[in-house]
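For clarity, every value in this text was computed on a predicted model and none was experimentally measured.
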Amino acid sequence: MMKKRILAMLLLLSMVCLLFAACGSTAEPASAQQSAASEAAAAEEAETDGAAGTPETPETPDAPETDALSAEEAEGSDGEPLELVKPHVEHRASMPGAEKAELDFINTVSLPLTDGAELTMLTPAVNLMGDLANLGIENYNGFDYMKELEQRTGVHVETTEVNFFTASEQYNVIIASGDYPDLFKNIGTYYSTGLSGAMADEIIIDMTDDLEEFAPNYSYLIHSNPAETPYFLTDGMALQFMGTYDSFINNQGLVVRKDWLEDLGLSVPETYDELHDVLVAFKNEKGASTPIYMTNNCTITTLTEGYNVASYLASGVAAGPSGSVGLPYYVEDGVVKCSLIEDGFRDYLKMLNSWREEGLMDPDFISIEYDPFSSYLDGQITSDQMGVWPTSGEGVDKYTVPVTCMASPVQNKGDMQHLTEMTLAPADDITSISVSTGCEDPELAMQWMDYWYSEDGILLFNFGIEGVDFELDDEGTPLFTDAVLNNEFGLPVSQFMRCRCAFGTMPSLMLRYRTGYLNSDLVNEAWDVWTGNLDGTMAISSNVTMTTEQKEQEGRMASDILTYAGERVAQFAIGDADIDAEWDDFVEKLKSMNIEDCIALEQEAYDNAVG
């Protein structure tokens, strides 16, 4: 059963009102292996036949029950309310990773929702790749899980699907026509003024006051962890159904040569000082010419954050869709700060320069671009010249040399690392769905969306169709069937399930550990180790965003700041500038370039989002 956060029970007159909340980013490992596409048609037929025999949706309670207490039991001797009551939620399934989940769910649903109705939805088009592209699935209604959902709910969803690369243009053309679909997927990204603008322009509806009645599962889930609730709202309003993870996994981190540690009688380092000593030993005892990987970003995964400042990529180029970096903001006791003018970042750069001077990294690292698949990195590892480098859950068990995982380094043993973001609801959620003002039956639209957040909807979303794609074992744990594990394409489960369940295409509760039991021991070790000393208390969620006007203001100032900072940070790191003598001037220069005004804008955005 998922962990529960129990809120105080308040006594009002003779009625006891119970307020409750219960607890509960990363990618699943995947490596492409493809076989003949000629079996696709037969596979589709077999899956369709199997779907016909799916079990009926079990009867579920209308609402979670709570255990009642008398007024005397509810109140302590000092008159203060006691934290004695928690909602009683019956789960028929024991979800993988439930003990680590931070969001909880219920199963309030009465099916079918209607006796035959249609909703329309505007969405980016289906995009199956490789062998899956040959299955003949041309739109969402070609998926068996959508057919199963229609059978359960009585609602047919007719989609208008637009090209992903021109979606913004096509969305705005359709919106300009005034002929709105019932549902918009990801309108916050594609509409010119974002989600708030779509609300202000009366394109989508505010569902805040209607969630409890028409979307009780979603309402329960997003309020089950009060710390996460603000990130499901926009300006305090529920404007979309958002996809969210049930728990956090740090899928990136550092690895160390395990055999070298064992040969030298060394433990996995936890602090910067211990890491320094390990690198020195690798250099002196193992002949490593570049004991630790370093690039022109002047940092690698989780190396900076132990100094209690946000990481800054000095190259100005980041991985991911944006391809660029912004100012390294973070928050401390509610006050937004920027690493570039903080002493902690100075101290990190001094350490980096010292390590370079000791020969613990490539002396020319400032010319090395970060690339986890580069021949340079691979060559350094396989030629026994490197002992510490960053990797991901997908790559950690692919090396030809033995490795072990290392937590984010900190200054003192037992310290937590506060700067890795651990928000569960992705800011760039491409699956989010809003109800339009043109919808004639918004209540039905909310009910249909809400099914995805019920326990049975979560199972369908993550595991596909029961009896075809998964079965519940004696403990209630969903396990993929042989048809999935040994699918005809020879694909890893996470890839094959793209055509069998809605994971990543519709909003629901994404279970981080749904394929965890299929991982190698090293991958599961990596998830545990890389996540183990993080608490995220100083990280600013990516869901904290500036208004269009604020972004424009910041952009005019930040562009020059980032250019200047990138040059100077690199100089400090490699010793071309004396950090002790020149740091104060560097900070004053940034202040003269209005970096404090940029911080003030981020503070406004943070206060608006978090409250």
Ring centres under 6.0 Å, that's the criterion: do [X] and [Y] meet it?
{"X": "His223", "Y": "Phe232", "value": "no"}
{"X": "Trp355", "Y": "Phe365", "value": "no"}
{"X": "Phe586", "Y": "Tyr564", "value": "yes"}

Take Met95 and Asp246, measure what side-chain contact (heavy atoms from CB on, under 4.5 Å) needs, and give me the verdict at the end.
CA-CA 10 Å; Met95 301 298 190; Asp246 67 324; 5.9 Å; no

Closest heavy-atom pair and its distance - [X], [Y]:
{"X": "Ala314", "Y": "Asn296", "result": "CB-O, 3.8 Å"}
{"X": "Val331", "Y": "Ala539", "result": "CG1-O, 4.1 Å"}
{"X": "Cys298", "Y": "Ala573", "result": "SG-CB, 3.8 Å"}
{"X": "Pro507", "Y": "Phe461", "result": "C-CE1, 4.5 Å"}
{"X": "Pro426", "Y": "Gly243", "result": "CD-O, 3.4 Å"}
{"X": "Met546", "Y": "Cys598", "result": "CE-O, 4.3 Å"}

So, [X] and [Y]: side-chain donor and acceptor under 3.5 Å apart, yes or no?
{"X": "Asn608", "Y": "Glu604", "result": "no"}
{"X": "Glu525", "Y": "Thr404", "result": "yes"}
{"X": "Trp527", "Y": "Asn251", "result": "yes"}
{"X": "Thr290", "Y": "Gln385", "result": "no"}
{"X": "Ser520", "Y": "Asp397", "result": "yes"}
{"X": "Glu394", "Y": "Ser392", "result": "yes"}

Look at atom [atom1] of [X] and say whether more than 12 heavy atoms of other residues, nucleotides or ligands are closer to it than 6.0 Å.
{"X": "Tyr517", "atom1": "OH", "result": "yes"}
{"X": "Glu369", "atom1": "CD", "result": "no"}
{"X": "Leu128", "atom1": "CG", "result": "yes"}
{"X": "Lys589", "atom1": "NZ", "result": "no"}
{"X": "Asp521", "atom1": "CG", "result": "no"}

With Val268, the side chain to side chain contact (heavy atoms under 4.5 Å, CB included) member among Val529, Leu261, Val255, Leu254:
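So, applying the side chain to side chain contact (heavy atoms under 4.5 Å, CB included) to Val268 and each of Val529, Leu261, Val255, Leu254, only Leu261 qualifies.
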
How long is the span from the [atom1] atom in [X] to the [atom2] atom in [Y], to the nearest 0.5 Å?
{"X": "Asn353", "Y": "Ile574", "atom1": "CG", "atom2": "CD1", "value": "9.0 Å"}
{"X": "Thr391", "Y": "Gln252", "atom1": "OG1", "atom2": "CD", "value": "8.5 Å"}
{"X": "Leu340", "Y": "Ile595", "atom1": "CG", "atom2": "CD1", "value": "5.0 Å"}
{"X": "Lys337", "Y": "Glu342", "atom1": "NZ", "atom2": "CD", "value": "5.0 Å"}
{"X": "Asp585", "Y": "Arg568", "atom1": "CG", "atom2": "CZ", "value": "8.0 Å"}
{"X": "Leu349", "Y": "Ser339", "atom1": "CG", "atom2": "OG", "value": "10.0 Å"}

Is the backbone of [Y] close enough, under 3.5 Å, to the side chain of [X] for a donor and an acceptor to pair up by distance?
{"X": "Asp415", "Y": "Asn412", "answer": "yes"}
{"X": "Thr382", "Y": "Asp378", "answer": "yes"}
{"X": "Glu421", "Y": "Ser542", "answer": "yes"}
{"X": "Asn524", "Y": "Gly516", "answer": "yes"}
{"X": "Gln380", "Y": "Tyr376", "answer": "no"}
{"X": "Thr531", "Y": "Asn250", "answer": "yes"}
{"X": "Asn533", "Y": "Ser408", "answer": "yes"}
{"X": "Glu455", "Y": "Ala93", "answer": "yes"}
{"X": "Asp560", "Y": "Met557", "answer": "no"}
{"X": "Thr271", "Y": "Glu274", "answer": "yes"}

Working note: Tyr293 + Thr295, criterion side-chain contact (heavy atoms from CB on, under 4.5 Å); need CA distance, chi angles, decisive distance, verdict.
CA-CA 7 Å; Tyr293 180 58; Thr295 74; 3.4 Å; yes

Side-chain heavy-atom pair [X], [Y] within 4.5 angstrom cut-off:
{"X": "Leu419", "Y": "Gln417", "value": "yes"}
{"X": "Phe164", "Y": "Asn127", "value": "no"}
{"X": "Leu327", "Y": "Glu554", "value": "yes"}
{"X": "Asn462", "Y": "Cys501", "value": "no"}
{"X": "Val388", "Y": "Leu279", "value": "yes"}
{"X": "Met361", "Y": "Ile368", "value": "no"}
{"X": "Gln495", "Y": "Phe489", "value": "no"}
{"X": "Trp260", "Y": "Leu266", "value": "no"}

Name of the residue among Asp263, Asp259, Asp384 meeting salt bridge (charged side-chain N to carboxylate O under 4.0 Å, His left out) with Lys286
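Between Lys286 and the candidates, salt bridge (charged side-chain N to carboxylate O under 4.0 Å, His left out) is satisfied uniquely by Asp263.
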
Is it true that the NZ or CZ of Arg514 lies under 6.0 Å from the centre of Phe503's six-membered ring and within 45 degrees of the ring axis?
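Checked: cation-pi criterion met.
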
Just list the side-chain donor-acceptor pairs under 3.5 Å for residues 302-310, sequence neighbours left out, or say none.
unit_1 : atom_1 : unit_2 : atom_2 : d
Thr304 : OG1    : Thr299 : OG1    : 2.7

Mind telling me whether Tyr312 and Phe345 have parallel, tilted or perpendicular rings, with 30° and 60° as the class edges?
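Rings of Phe345 and Tyr312: perpendicular, as their planes differ by over 60°.
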
Strictly below 4.0 Å, N to O, side chains only: are Asp347 and Lys350 in salt-bridge contact?
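No, no charged N to carboxylate O under 4.0 Å.
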
Intermediate values then yes/no, side-chain contact (heavy atoms from CB on, under 4.5 Å), Arg92 and Leu472
CA-CA 9 Å; Arg92 75 184 185 96; Leu472 295 180; 3.4 Å; yes

Using side-chain contact (heavy atoms from CB on, under 4.5 Å), reason through Leu424 and Tyr231 one step at a time and then give a plain yes or no.
CA-CA 9 Å; Leu424 301 179; Tyr231 303 123; over 6 Å; no

